[in-house]
Amino acid sequence: MKHSRTIRLVLIGTVAGATFAGCGVSSDPTPISANQTYTNNHYVHGVGYYHAPYSRWYPLPYNHYMPGQGYYYGGRWAPQPQTPSITASRPGADAARLAQLQRTSTSRGGSSFGRSSTGSSSTRGGFGSSSHSTAS
């Protein structure tokens with residue numbers, strides 16, 4: 001009986017450790033830069049999703065679908081998803097600077113980006129769209 005309790009505690013500790021290991025602010029120290037190329041939907045915690053065709057970050061993924069709103073890209077809603085002609089790009093100097101400021105502010109406990117169209121860089125990337133994602 002004691003043996004199974006010990007095993008259970010080890011398993012619970014392992015699951016809890018794995019669960020919390022992925023939480024929190026990204027530890028990626030690489031600054032956001034206008035000299036860096038980012039793929040469409042590249043995600044940076046506290047900044048948002050990079051929309052390569054628009055060379056800046058937004059709060060929702062490219063082609064995010066929401067019933068009643070449509071598809072989100074480039075800071076607006078549209079009735080149809082957009083097929084990106086550009087799958088990776090570099091942000092403008094202002095977009096990179098604002099994204100880095102937002103990232104720094106968020107890592108210090110500041111507020112999140114809200115509806116701003118400032119940018120970031122960190123964990124998620126890809127060439128496809130999020131046209132079949134659901135609202136959360």
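Side-chain atoms are counted along with the backbone in the values below, which use heavy atoms only and exclude waters and symmetry mates. Here the structure is a predicted model, which is why all the values come from computation and not from measurement.
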Asn41 side-chain N/O to Tyr62 backbone N/O, donor-acceptor pair under 3.5 Å: yes
Minimum heavy-atom separation for Thr39 to Ala52, with atom names? C-CB, 4.5 Å
Straight-line distance of Arg76 CZ to Tyr71 OH, nearest 0.5 Å: 14.5 Å
Asn40 (side chain) donor-acceptor with Ala88 (main chain) under 3.5 angstrom: no
State, to 0.1 Å, how close Ala96 and Ser33 come at their nearest heavy-atom pair, and which atoms those are. CB-C, 3.8 Å
Classify the ring geometry of Tyr50 against Tyr38: parallel below 30°, tilted from 30° to 60°, perpendicular beyond 60°. tilted
Return yes if some donor-acceptor pair links the side-chain N/O of His51 with the main-chain N/O of Leu60 below 3.5 Å, else return no. yes
What's the shortest heavy-atom distance between Pro84 and Pro53, and which atoms? CB-CG, 4.0 Å
I'd like to check Arg56 versus Pro91 (side-chain heavy atoms, cut-off strictly below 4.5 Å). Are they in contact? no
Test applied, side-chain contact (heavy atoms from CB on, under 4.5 Å); reference residue, Tyr49; option that passes from Tyr73, Tyr58, Tyr43: Tyr43
Heavy-atom closest contact (Arg90 atom, Asn35 atom, distance): CZ-O, 3.4 Å
Heavy-atom closest pair, residues Asn63 and Pro81: OD1-CA, 3.5 Å
Thr104 side chain vs Gln100 backbone, donor-acceptor pair below 3.5 Å: yes
From CD (Gln36) to OG1 (Thr30), nearest 0.5 Å: 7.5 Å
